[in-house]
Amino acid sequence: MLLVSKILENFDEVSSSMLKRNIDVNNQLKKIIELDKSRRETQSKLDSHLADSNKLAKKIGDIFKKGEYEKANSYKEKASLLKLETKKISDVLNSYINDLNNLLLDIPNIPHQLVPKGDSENDNEEVLNEGKIPELHANALAHWELASKHDIIDFELGNKITGAGFPVYKDKGAKLQRALINFFLDKNIEAGYKEIQVPILVNELSGTSTGQLPDKEGQMYMINEDNLYLAPTAEVPVTNIYRDCILNSNELPICLTSYTPCFRREAGSYGSHVRGLNRLHQFDKVEIVRIETPEKSYLALDEMVNHVKSIISELNLPFRIVRLCGGDLGFTSCLTYDFEVYSAVQKKWLEVSSVSNFETFQSNRLKLRINDNGSKVLAHTLNGSSLALPRIVACILENFQTEKSIKIPKALIPYTGFDKI
RNA sequence: AGAGAGGUGGCCGAGUGGUUUAAGGCGCACGCUUGGAAAGCGUGUAUACGCCAAAAGUGUAUCGAGGGUUCGAAUCCCUUCCUCUCUACCA
């Protein structure tokens, strides 16, 4: 959520930078400023009425003690009238606060200077392209064909148990999943991230605080009976650990890593690009989350990008890093780098990681501050996938297939216990 | 899930309608004291919002959360969340 003070002080900058997202928020911003002014005026008015009420109540108490009941009663009447008026002002104030909040909740984060203008993923800016695209034999198969040929992932069985997008991993397929999770976690821990296990069901406030609500309302599975959501990413439970916290500057940076299954409804996405493992309703992901001071957050973003890069390199997968353009940039993010691995059979790039700096957008909702020698500032939050499994699995299967088998990348063999499928 | 007991500042803990402006203690910070330390003494010690150019200051709100009763609520009522004990169930 943007700060009203930021909008007030940098109106033109905020307004024009939103054009990169292809949205015009000028009117909303003006309304926010107006509402904030009304809010402050009403607050002053209410406070002075409450101050009067408090004084009067005290006076009545004193008079009662002296036993002057008649006098007290006349003051009581006066106090009642004052109270009625106070109630009215308080209602007005609350409506201003609500309207202001609702407007602010609908405005996305301000894109960073580096974010290119653009409409869609086609306008993303490639910043690195590394690794060799393998030359496959003539009969190379797509991963969903390999999965069934080797009987390691069963999509049909998942349909039976749950529905489309919930595959069953079998035998070496299951072990490959487990190997990747451990491999990723170990790499992250080695790089200084502390492992943490968190709940996968989250409440509404958690969803709002990291920015999934109200923006992605329809993308999360909801359990109505208990008013809980299935987390679409570990970002939600992990970042919310620090909701309503004031951290001492010497506690920073906070670097966490967590494995969780992730659940996404993916409403409205159908077609060939969702075949096999390309897009699932349930998938596994290892996430990294950082909390940083404003001064260091972009340094941290670079570190995270380099870290994810090193993991993909170790798996020997051809990949590229793209800087998301305004049109593709997530609601909550200032700057995002996506990692895409190349699927040699499908002949396309598949997103496997998204690394973002949210600056104060989340921390403002989280009320996550840093206490630096008595002065308080909002922290910067960042996160990234390190990494999401399904498309990594798809690429391993496709890119490392031979006529007879699938070779496991060397770095993974200690984790799988086998070198081919 | 049922019955009961609870939730008060960084922590412990007093407080059943108006000298609570939340006692007292611990912790922490600073100062005095000391050769140095401890002890002792003194001062201070939350968050949010408003006013003020800013600081100082000051007003308001906050005793799990939300609503209500009252001139006045930590205290009474309702709703809700959480914790503990017992019972039931259970990996």
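Within every chain, numbering begins at 1; the chains are lettered A, B, ... in the order of the sequence lines, protein sequences first and strands thereafter.
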So what does [X] touch, heavy atoms closer than 4.0 Å: a base, only the sugar-phosphate, or nothing?
X: A:Lys87; result: sugar-phosphate
X: A:Ile246; result: sugar-phosphate
X: A:Asn54; result: sugar-phosphate

Do [X] and [Y] sit within salt-bridge range, that is, some charged N less than 4.0 Å from a carboxylate O?
X: A:Glu340; Y: A:Arg391; result: no
X: A:Glu156; Y: A:Lys160; result: no
X: A:Lys367; Y: A:Asp244; result: no
X: A:Glu303; Y: A:Arg290; result: yes
X: A:Lys170; Y: A:Asp151; result: yes

Just name whichever nucleotide pairs with [N], Watson-Crick or G-U, keeping both distances under 3.5 Å, else none.
N: B:G35; answer: none
N: B:C30; answer: B:G42
N: B:C90; answer: none
N: B:U83; answer: B:A5
N: B:C71; answer: B:G18
N: B:A53; answer: none
N: B:U60; answer: B:A48

Hey, does the side chain of A:Arg40 come within less than 4.0 Å of B:C51's phosphate (OP1/OP2), counting only N and O? yes
On the nucleotide B:C71, are OP1 or OP2 found under 4.0 Å from the side-chain N or O atoms that A:Lys78 carries? no
Of A:Glu77 and A:Ser48, the one whose closest RNA chain B nucleotide lies more 5': A:Ser48
A:Asn371 vs A:Asp52, nearer the 5' end of RNA chain B by closest nucleotide: A:Asn371
Provide the distance between the two [atom1] atoms, one in [N] and one in [M], to the nearest whole Å.
N: B:C11; M: B:U75; atom1: C1'; answer: 23 Å
N: B:C76; M: B:G17; atom1: P; answer: 8 Å
N: B:U70; M: B:A65; atom1: P; answer: 23 Å
N: B:U21; M: B:C63; atom1: P; answer: 14 Å
N: B:A23; M: B:A74; atom1: P; answer: 14 Å
N: B:G25; M: B:G13; atom1: P; answer: 16 Å
N: B:A61; M: B:C28; atom1: P; answer: 34 Å
N: B:U62; M: B:A73; atom1: P; answer: 8 Å

Please write out the pairs of protein N or O atoms and N or O atoms of nucleotides 18-22 of chain B separated by less than 3.5 Å, giving the distance to one decimal.
| from | atom 1 | to | atom 2 | distance (Å) |
| --- | --- | --- | --- | --- |
| B:G18 | O2' | A:Lys65 | NZ | 3.0 |
| B:G18 | N2 | A:Ala57 | O | 2.6 |

Using whole Å, report how far [atom1] of [X] lies from [atom2] of [N].
X: A:Glu85; N: B:C71; atom1: CD; atom2: C1'; answer: 16 Å
X: A:Asp244; N: B:G9; atom1: CG; atom2: C1'; answer: 16 Å
X: A:Leu368; N: B:A48; atom1: CG; atom2: P; answer: 13 Å
X: A:Leu50; N: B:U60; atom1: CG; atom2: P; answer: 8 Å
X: A:His49; N: B:A61; atom1: NE2; atom2: P; answer: 14 Å
X: A:Lys83; N: B:U60; atom1: NZ; atom2: P; answer: 17 Å
X: A:Gln43; N: B:C51; atom1: CD; atom2: P; answer: 8 Å
X: A:Glu9; N: B:A54; atom1: CD; atom2: P; answer: 11 Å

Closer than 3.5 angstrom, by distance alone: can the side chain of A:Asn203 be matched with the main-chain N or O of A:Asn227 as a donor-acceptor pair? no
Just checking, any donor-acceptor pair under 3.5 angstrom between side chains of A:Asn357 and A:Ser297? yes
Confirm from the modelled atom types if A:Asp47 and B:G59 form a donor-acceptor pair under 3.5 Å, side chain to base only. yes
Are A:Lys172 and A:Phe418 in a cation-pi setup, meaning NZ or CZ lies under 6.0 angstrom from the ring centre and within 45 degrees of the ring axis? yes
Can you label the angle between the A:Tyr298 ring and the A:His112 ring as parallel, tilted or perpendicular, going by 30° and 60°? tilted
Fit a plane to each ring of A:Tyr415 and A:Phe183, take the angle between them on a 0 to 90° scale, and name the class: parallel (under 30°), tilted (30 to 60°) or perpendicular (over 60°). perpendicular
Which nucleotide in the list B:C51, B:C71, B:A48 gets nearest to the side chain of A:Arg369? B:A48
